[in-house]
Asker: 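Let me give you the structure first, and then I'll get to my questions.
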Amino acid sequence: MGLPIHFVVDPQGWFCVGVIFFIWLYNTLFIPKLILFPRFEEGDLSPAAIWAYYAASLFCVVSLVRASTADPGKLRESPRIPLTEKELWELCNKCNMMRPKRSHHCSRCGHCVRRMDHHCPWINNCVGEDNHWLFLQLCFYTQVLSGYTLILDFCHYYYFLPLKSINWDLFIFRHELAFLRISTFMGILMFGGMCSLFYTQVIGILTDTTTIEKMSNCCEETSRARKPWQQTFSEVFGTRWKILWFIPFRQRRPLRVSYYFANHV
């Protein structure tokens with residue numbers, strides 16, 4: 001089962017996605033030219049460091065594109081409800097459609113989303129049952145890429161010896177310090193923000209609670225895990241093979257159909 005293309009018409013969301021894409025493009029273009037390739041030519045870095053950086057960059061942008069364009073779990077009109085699951089569905093008071101429990105109506109997108117976690121402007125899409133795993137991968141690989149970039153910036157400026165065999169007449173090397181400062185500033189923002197977001201997402205999966213449910217049931221006990229962590233993560237990623245949790249090029253298949261949970265919105 002593939003992920004249908006889901007496109008949200010929201011200029012604010014387009015701007016946020018554009019900012020994220022600009023930061024990714026900036027680091028992918030300038031870091032190799034400023035640090036990786038010159039340091040490789042002078043013997044400071046191995047080819048593996050270059051391949052690892054481009055791999056992290058590729059996985060990051062693939063996760064971004066797929067999370068932004070994947071259907072988060074939009075409910076179809078007039079869904080067929082099995083007789084055995086009627087008690088597991090409820091009526092949405094905003095769009096007057098039947099929906100599984102734990103679904104939520106997104107006011108920005110204008111429809112209900114199965115097991116909706118939140119609407120994220122940075123991907124211009126809802127985070128729901130069908131693209132939550134891609135959003136987690138985006139958070140993870142953004143941390144990896146930002147952290148790797150910060151390490152390279154630090155080593156280039158403080159640890160390695162000054163470059164000898166470069167053409168200082170080139171614009172990028174004449175303004176090397178400015179490019180590095182911009183890269184470091186964006187890296188700190190992205191790494192810090194994504195660490196916080198990734199932490200809250202992981203805690204939510206471990207406790208089998210969405211962000212919306214936390215906000216709705218803020219006075220209830222939400223820190224107790226209801227299921228083994230392997231099961232909750234497997235349900236989000238659609239597979240029990242843990243190595244596949246890190247691969248954004250695959251298709252997700254739900255492990256089960258039932259929509260019953262202890263808490264619902």
Side-chain angles (χ1 to χ4, degrees), residues 12-70 120-125 127 131 133-163 165-201 245-249:
Q12 180 183 354
W14 297 343
F15 173 79
C16 293
V17 173
V19 171
I20 299 299
F21 185 77
F22 170 79
I23 295 175
W24 169 83
L25 188 63
Y26 182 95
N27 287 322
T28 303
L29 290 179
F30 288 110
I31 294 301
K33 290 184 178 180
L34 277 173
I35 302 176
L36 289 174
F37 292 131
R39 291 299 176 183
F40 169 71
E41 292 176 357
E42 297 197 359
D44 295 326
L45 293 175
S46 67
I50 299 177
W51 283 107
Y53 192 85
Y54 277 117
S57 178
L58 176 63
F59 277 58
C60 183
V61 74
V62 170
S63 301
L64 172 62
V65 172
R66 293 201 63 189
S68 300
T69 59
C120 180
W122 299 106
I123 64 172
N124 191 33
N125 201 357
V127 177
N131 71 339
W133 65 287
L134 291 167
F135 183 74
L136 285 171
Q137 288 182 352
L138 173 62
C139 294
F140 175 76
Y141 286 116
T142 301
Q143 289 179 86
V144 172
L145 185 61
S146 300
Y148 197 176
T149 300
L150 289 173
I151 292 173
L152 290 173
D153 290 341
F154 177 83
C155 291
H156 180 74
Y157 195 77
Y158 292 104
Y159 182 74
F160 294 134
L161 296 175
L163 294 169
S165 58
I166 61 173
N167 184 3
W168 291 102
D169 293 331
L170 295 177
F171 176 82
I172 189 173
F173 291 111
R174 290 203 316 268
H175 302 279
E176 175 188 26
L177 184 58
F179 283 114
L180 288 178
R181 284 176 175 173
I182 294 174
S183 174
T184 302
F185 174 74
M186 294 190 299
I188 292 174
L189 288 181
M190 295 300 296
F191 186 77
M194 283 300 173
C195 281
S196 175
L197 181 58
F198 187 71
Y199 172 79
T200 59
Q201 289 294 305
W245 295 356
F246 299 92
I247 307 299
F249 307 100

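A quick note: this is a predicted structure, and the numbers were derived from the prediction, not measured.
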Asker: Could you pull out the closest heavy-atom pair between Phe40 and Pro47, with the gap in Å?
Answerer: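 Heavy-atom minimum between the residues: CE1-CG, 3.5 Å.
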Asker: Would you compute the distance between atom CZ of Phe185 and atom CE of Met190 and round it to the nearest 0.5 angstrom?
Answerer: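 It comes to 12.0 Å.
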Asker: Can you label the angle between the Phe249 ring and the Phe59 ring as parallel, tilted or perpendicular, going by 30° and 60°?
Answerer: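 Because their plane-to-plane angle is over 60°, the rings of Phe249 and Phe59 count as perpendicular.
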Asker: Taking all non-hydrogen atoms of both residues, which atom of Pro38 and which atom of Pro32 are closest, and how far apart?
Answerer: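 Residues Pro38 and Pro32, closest heavy atoms: CD-O, 3.6 Å.
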Asker: Considering all heavy atoms of both residues, which atom of Pro248 and which atom of Ser63 are nearest to each other, and what is their separation?
Answerer: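 Taking every non-hydrogen atom into account, CB-OG, 3.6 Å.
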Asker: So, do Ile20 and Trp24 sit near enough that their side-chain heavy atoms are less than 4.5 Å apart?
Answerer: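 They are not in side-chain contact.
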Asker: What distance separates Leu36 CG from Asp44 CG, expressed to the nearest 0.5 Å?
Answerer: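 The CG atom of Asp44 is 11.5 Å from CG of Leu36, to the nearest 0.5 Å.
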Asker: Apply the test side-chain contact (heavy atoms from CB on, under 4.5 Å) to residues Leu58 and Tyr141: give CA-CA distance (whole Å), side-chain angles for both, the deciding distance (0.1 Å), then the verdict.
Answerer: CA-CA 9 Å; Leu58 176 63; Tyr141 286 116; over 6 Å; no
Asker: Could you walk me through whether Gln143 and Cys195 pass side-chain contact (heavy atoms from CB on, under 4.5 Å), step by step?
Answerer: CA-CA 7 Å; Gln143 289 179 86; Cys195 281; 3.1 Å; yes
Asker: Taking Arg66 for its side chain and Leu134 for its backbone only, find out whether a donor-acceptor pair lies under 3.5 Å.
Answerer: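 Pair absent, no side-chain N/O of Arg66 close to backbone of Leu134.
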Asker: Would you say Tyr148's side chain and Ala49's backbone share a donor-acceptor pair under 3.5 angstrom?
Answerer: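 Yes; at least one donor-acceptor contact below 3.5 Å.
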Asker: As an exercise, state the distance from CZ of Phe37 to NZ of Lys33, rounded to the nearest 0.5 Å.
Answerer: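 Interatomic distance, Phe37 CZ to Lys33 NZ, rounded to 0.5 Å: 9.5 Å.
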Asker: Any chance you could measure Ile50, atom CD1, to Ile31, atom CD1, to the nearest 0.5 Å?
Answerer: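 These two atoms lie 13.0 Å from each other.
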Asker: Is it true that the side chains of Asp153 and Ser183 contain a donor and an acceptor less than 3.5 Å apart?
Answerer: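 The answer is yes; a qualifying pair exists.
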Asker: Rounded at 0.5 Å granularity, tell me how far CG in Leu150 sits from CE in Met186.
Answerer: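 Between Leu150 CG and Met186 CE, I get 10.5 Å after rounding to 0.5 Å.
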Asker: Taking Asn125 for the side chain and Ala70 for the main chain, is one N or O donor matched with an acceptor at less than 3.5 Å?
Answerer: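 Yes, Asn125 side chain to Ala70 backbone: donor-acceptor pair under 3.5 Å.
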Asker: For atom CH2 of Trp14, decide whether the heavy atoms of other residues, nucleotides or ligands shown that lie under 6.0 angstrom number more than 12.
Answerer: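 Atom CH2 in Trp14 is crowded, with more than 12 foreign heavy atoms closer than 6.0 Å.
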Asker: Shortest non-hydrogen contact from Ile123 to Phe135?
Answerer: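 Taking Ile123 first and Phe135 second, the nearest heavy atoms are CD1-CD1, 4.0 Å.
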Asker: Could you tell me which non-hydrogen atom of Thr142 sits nearest to which non-hydrogen atom of Cys60, and how far apart they are?
Answerer: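 That closest heavy-atom pairing would be OG1-SG, 3.6 Å.
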Asker: Determine, step by step, whether Thr149 and Tyr53 satisfy the side chain to side chain donor-acceptor pair (under 3.5 Å) criterion, reporting the C-alpha distance in whole Å, the side-chain angles of both residues, the deciding distance to 0.1 Å, and the verdict.
Answerer: CA-CA 8 Å; Thr149 300; Tyr53 192 85; 2.9 Å; yes
Asker: May I ask you to decide if Ile247's main-chain N or O and Gln137's side chain share a donor-acceptor pair within less than 3.5 Å?
Answerer: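 Side chain of Gln137 to backbone of Ile247, a donor-acceptor pair under 3.5 Å: yes, one is there.
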Asker: Can you tell me how far the CZ atom of Phe21 sits from the CD1 atom of Ile23, to the nearest 0.5 Å?
Answerer: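 Here the rounded value is 12.0 Å.
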Asker: So, does Tyr26 use its side chain to make a donor-acceptor pair with the main chain of Ile182 at under 3.5 Å?
Answerer: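 No.
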Asker: What heavy-atom pair brings Cys16 and Pro121 nearest, and what distance separates the two atoms?
Answerer: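 Heavy atoms of Cys16 and Pro121 come nearest at CB-O, 3.1 Å.
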Asker: Looking at Tyr54, I want to see if its OH is surrounded by more than 12 non-hydrogen atoms of other residues, nucleotides or ligands under 6.0 Å.
Answerer: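 Yes, the 6.0 Å shell around OH holds more than 12 heavy atoms from other groups.
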Asker: Do Trp245 and Trp133 make a side-chain contact, defined as non-hydrogen atoms from C-beta onward lying under 4.5 Å apart?
Answerer: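 Trp245 vs Trp133: side chains apart.
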Asker: Going through the checks in order, is the side-chain contact (heavy atoms from CB on, under 4.5 Å) test met by Leu34 and His156?
Answerer: CA-CA 9 Å; Leu34 277 173; His156 180 74; 5.6 Å; no
Asker: Any luck finding a side-chain donor-acceptor pair between Asn27 and Ser57 under 3.5 Å?
Answerer: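 Ser57 and Asn27 do not have a side-chain donor-acceptor pair below 3.5 Å.
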Asker: So Ile35 and Phe30, side-chain contact (heavy atoms from CB on, under 4.5 Å) or not? Walk me through it.
Answerer: CA-CA 8 Å; Ile35 302 176; Phe30 288 110; over 6 Å; no
Asker: Hey, what's the ring geometry for Phe179 with His175, parallel, tilted or perpendicular (30° and 60° as the breaks)?
Answerer: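 Taking His175 first and then Phe179, their aromatic rings stand perpendicular (interplane angle over 60°).
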